[in-house]
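Numbering of ligands and ligand atoms starts at 1, following listing order. All values below come from the heavy atoms of this structure, side chains included, with hydrogens, waters and symmetry mates left out. This structure is a prediction, so every number in the text was calculated from the model and none was measured.
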Amino acid sequence: MNAKELITQARAHHRMALDEQAGKSLLAEYGITVPQSLTVKYTGEVDAAFTKLRPPVVVKIMSPDILHKSDAGGVKVGLKSAAEVKDAINAMAASPQIKAARIDGYLIEEMAPAGQEIVIGGLRDPYFGPLVMVGLGGIFVEVLRDVSFRICPITRIDAEEMIDELKGAAVLDGARGRKPASRSAIVDALLKVGGDNGLMMTHVDDISEADINPMIVSENGAVAVDARFILKSVNG
Ligand code: ADP
Ligand code: MG
């Protein structure tokens, strides 16, 4: 399914957001790298799915009722066998918060290469239209609010400047034994979200908010490991 179809389908199901798998298909359509993944409904489907992926893998709960999967006990990383995947799913299914939720299934995906976590977002300002945002992951965004914004569409130079404006930008160059993160991969991803033919400009009537949190950036590239898109309501 292409982006338009995914959005139409979500609306037909009265969903205000795309599920993580649909969100990642949309990102992939714009050339943003996402992990190889499959979804299962039951542990009985795990063996077949597992053979199609390169371990270690991650399992995540898919539910329209759960926004922060980790907080709900709905993310387990570093699983090396189908048995570990099944155990993780059984443990999730037994957690109180997940029991109370509607469950679409479980996403099983490959681990991204190690790197630094950043956040890329898109939102709509009532006056300026689509905006694009970048920040460094973890405490940089959540506690320090170290983020920068631009009005879409952005150019390559805008994207470079957005990164330079971050107070923690030097972290990306590698500090305290960390490997540097590819700046050009971040610039590319920002253009794919906020550039002229990027997804915020293209889906200006459909998407009110985009959130890639995190994108894991290694020396060689960037992988969007979480994706959330809030749809614009049809009449507003
Ligand atoms: P949520 O934000 O809903 O809690 P995420 O999908 O962002 O769930 O997963 C939580 C964390 O697990 C991520 O911030 C990241 O550190 C790690 N993670 C998730 N998916 C992957 C992946 N495919 N490869 C490597 N790490 C991952
Ligand atoms: Mg996340």
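I157 CD1: 12 or fewer foreign heavy atoms inside a 6.0 Å radius. Other residues, nucleotides and ligands place more than 12 heavy atoms under 6.0 Å from the CD atom of E5. Atom NZ of K76 has 12 or fewer heavy atoms from other residues, nucleotides or ligands within 6.0 Å. Heavy atoms of other residues, nucleotides or ligands lying less than 6.0 angstrom from CZ of R102 number more than 12.
Which parts of ligand 1 touch D226 is read off a 4.0 Å heavy-atom cut-off, strictly below it: atoms 1 (P), 2 (O), 3 (O), 5 (P), 6 (O), 7 (O), 8 (O). Counting atoms of ligand 1 from 1 in the listed order, those under 4.0 Å from a heavy atom of E109 are 20 (N), 21 (C), 22 (C), 23 (N). The contact set between ligand 1 and N213, taken as ligand atoms under 4.0 Å from a residue heavy atom, comprises 7 (O).
The closest approach between any non-hydrogen atom of L67 and ligand 1 is below 4.0 Å.
Between K60 and ligand 1, at least one N/O pair is under 3.5 Å apart. Residue V58 places no N or O, backbone or side chain, under 3.5 Å from any N or O of ligand 1.
Of all protein heavy atoms, the one closest to atom 24 (N) of ligand 1 is A112 N, 2.9 Å. When only non-hydrogen protein atoms are considered, atom 17 (C) of ligand 1 lies nearest to V77 CG1, 4.1 Å. From the protein, the heavy atom lying nearest to atom 4 (O) of ligand 1 is S70 OG, 2.4 Å. Of the protein's non-hydrogen atoms, I216 CD1, 3.6 Å is the one closest to atom 26 (N) of ligand 1. For atom 27 (C) of ligand 1, the closest heavy atom belonging to the protein is V225 CG2, 4.0 Å.
Using a cut-off of 4.0 Å between Lys/Arg side-chain N and Asp/Glu carboxylate O, D104 and R15 are scored as salt-bridged. A salt bridge is defined here as a Lys NZ or Arg NE, NH1 or NH2 lying under 4.0 Å from an Asp or Glu carboxylate O, and E209 with R124 fails to meet this definition. For the pair E161 and R156, the salt-bridge criterion is not met [side-chain N within less than 4.0 Å of a carboxylate O].
Contact annotation: the side chain of R11 approaches that of K232 to within less than 4.5 Å [non-hydrogen atoms, C-beta and beyond].
Considering each of E117, M111, M215, K76, the one bringing a non-hydrogen atom nearest atom 16 (O) of ligand 1 is E117.
Taken to the nearest 0.5 Å, the CD atom of Q116 stands 8.5 Å off from the CG atom of D173.
None of the N, O or S atoms belonging to S70 lies under 2.8 Å away from the Mg ion (ligand 2).
When rounded to 10 degrees, the angle formed at the Mg ion (ligand 2) by OD2 (D226) and O (N213) equals 90°.
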